[in-house]
There are 2 protein chains.
Amino acid sequence: MPKQVDPHERRTLLADALLRVAATRGLMDVSLRHVAAEAGVTAGMVQHYFRTKDDMMVFALDVVSARVQARLEADPTTHDGPRAVVRALLVQLLPVDDDRVLEGRVAIAFHAYAASRPTVATRLREDTRGMRAMIAEQIRSAGRGALEPEQAATGLLSLVEGLAVHVLGGHVTADHAVATLDAHLRMAFGHVSVLGRPDDPEHPRAEHR
Amino acid sequence: MPKQVDPHERRTLLADALLRVAATRGLMDVSLRHVAAEAGVTAGMVQHYFRTKDDMMVFALDVVSARVQARLEADPTTHDGPRAVVRALLVQLLPVDDDRVLEGRVAIAFHAYAASRPTVATRLREDTRGMRAMIAEQIRSAGRGALEPEQAATGLLSLVEGLAVHVLGGHVTADHAVATLDAHLRMAFGHVSVLGRPDDPEHPRAEHR
DNA sequence: AGGATGACGATACAAGTGCAATGTGACAAG
DNA sequence: CTTGTCACATTGCACTTGTATCGTCATCCT
């Protein structure tokens with residue numbers, strides 16, 4: 001048997017290159033040869049690790065979702081109560097720093113891609129469903145807010161996704177997006193009197209940039 | 001001088017074909033020849049009316065935004081007070097029927113496209129800015145809700161955009177999306193006691209499908 | 001030591017891409 | 001009736017795309 005190589009590591013390397021291409025030049029420019037060039041390898045190697053282009057796409061999507069989940073679990077604020085948990089999750093999805101801007105671009109690109117590839121759409125749907133259930137669960141466990149948990153969960157998730165789009169498009173600033181998210185979080189978690197309430201003392205101003 | 005034709009009409013015809021292709025097969029499948037085939041014309045004619053592919057893209061984007069705005073102005077509920085105006089606008093952006101599903105697919109595709117084409121991004125940004133200002137204005141004129149008008153406006157707009165993505169992805173149903181939107185509209189327009197409030201008598205259940 | 005085996009690299013190929021150049025024909029002004 | 005002009009059609013070209021095929025070379029097991 002020949003050289004000992006970890007295939008998963010190789011694939012991840014290539015997936016990273018793909019994500020970089022997708023974020024900077026758009027998904028339309030993602031091709032075998034571009035990814036290979038970005039990764040600094042030959043096109044033949046890419047072909048060796050992904051039998052088809054769609055395989056490569058799906059794997060790259062898995063990489064990002066796994067990465068987001070990993071970052072969430074590594075977040076220290078996870079143990080500060082349900083609202084902090086939800087906030088930590090949602091902020092992960094907001095393009096507040098350069099890394100997340102790239103990931104955000106990738107995410108929206110994949111949402112467009114999913115419209116014509118059922119495989120990708122299913123994968124995306126699973127991820128979303130998990131998050132939604134988790135958020136609704138946390139909201140339910142934290143007494144009642146101004147909305148019923150199910151609607152509050154879809155509302156928050158949709159809000160964040162829309163905010164991400166608007167931030168990436170330059171329609172609003174990242175600060176404004178985080179502030180808007182916080183305002184909606186207060187409503188979802190039962191602080192009914194919102195107007196005039198300065199800010200949450202637990203999370204002074206979040207990590208803006 | 002030869003045959004008398006309305007160039008704008010021709011271009012709109014071609015733009016419609018492009019939108020159909022983009023909605024059904026994705027933006028990656030939009031090509032000169034595909035659009036021509038969808039429109040039932042030759043590729044040479046497409047080239048005659050659009051010097052470059054990017055011209056065609058931008059024009060198609062203009063067509064959709066103009067169409068959305070026209071539909072909004074034609075909405076009879078526009079004269080039922082600020083909240084009805086905002087609701088009418090936002091529902092236009094939600095994929096509640098087949099036509100709007102297609103438009104929604106187009107919209108998300110263009111958002112992805114805008115990430116790499118500054119021209120498209122600018123055009124998109126202008127449209128969004130207009131809507132945002134209009135919503136904030138209406139909220140301000142309608143007494144105060146639970147959020148400050150600026151945040152409420154970006155919140156509603158982002159919420160709808162996110163909801164559209166989720167509906168298109170099959171993550172939530174159109175009904176659930178409209179219900180969520182209505183719940184958030186109540187908060188933005190100052191009906192603070194939300195939970196337990198059955199529904200708005202003015203707008204019984206909206207036009208679901 | 002030797003061969004099997006897997007990790008690559010190179011090349012080929014059909015199909016599709018955007019775009020330019022050139023043709024063709026009709027129709028209206030003179 | 002001629003003629004210029006505009007609306008389209010055709011063709012061609014250089015290039016990129018995804019995928020299949022074959023070659024090569026290092027490596028590990030026996």
Distance in Å, A/H166 NE2 paired with A/H176 NE2, rounded so as to fall on 0.5 Å steps: 10.5 Å
Phosphate-side-chain proximity, A/H48 and C/dC8, N/O vs OP1/OP2 below 4.0 Å: no
Pairing residues for B/R123 by the salt bridge (Lys or Arg N to Asp or Glu O under 4.0 Å) criterion, not counting sequence neighbours: B/D62
Output field: ring centroids A/H8/A/F59 closer than 6.0 Å: yes
Contact pattern, 5' to 3', of nucleotides 9-16 of chain D - B, S or - by protein heavy atom under 4.0 Å: SB-B----
Spacing between B/H8 atom NE2 and D/dA7 atom C1', to the nearest angstrom: 18 Å
Residue-level proximity of residues 22-29 of chain A to DNA chain D when a heavy atom falls under 4.0 Å: none
Flag for A/E161-A/H111: side-chain donor and acceptor within less than 3.5 Å: yes
Neighbour count >12 (heavy atoms, 6.0 Å) for atom CZ, A/R25: yes
Qualifying residues under salt bridge (Lys or Arg N to Asp or Glu O under 4.0 Å), relative to A/R140, sequence neighbours excluded: A/E150
Interface with DNA chain D, restricted to residues 49-57 of chain B and to heavy atoms under 4.0 Å: B/Y49
Enclosure of A/Q92 CD (heavy-atom neighbours >12, cutoff 6.0 Å): yes
Spacing of A/L13 atom CG relative to C/dC8 atom C1', expressed in whole Å: 14 Å
All salt bridge (Lys or Arg N to Asp or Glu O under 4.0 Å) counterparts of A/R11, not counting sequence neighbours: none
Touch class at under 4.0 angstrom, heavy-atom based, for B/V30 against every strand present: sugar-phosphate
Salt-bridge criterion met for A/R67 and A/D16 (N-O under 4.0 Å): yes
Heavy-atom check, side chain of B/E137 versus side chain of B/M134, under 4.5 Å: no
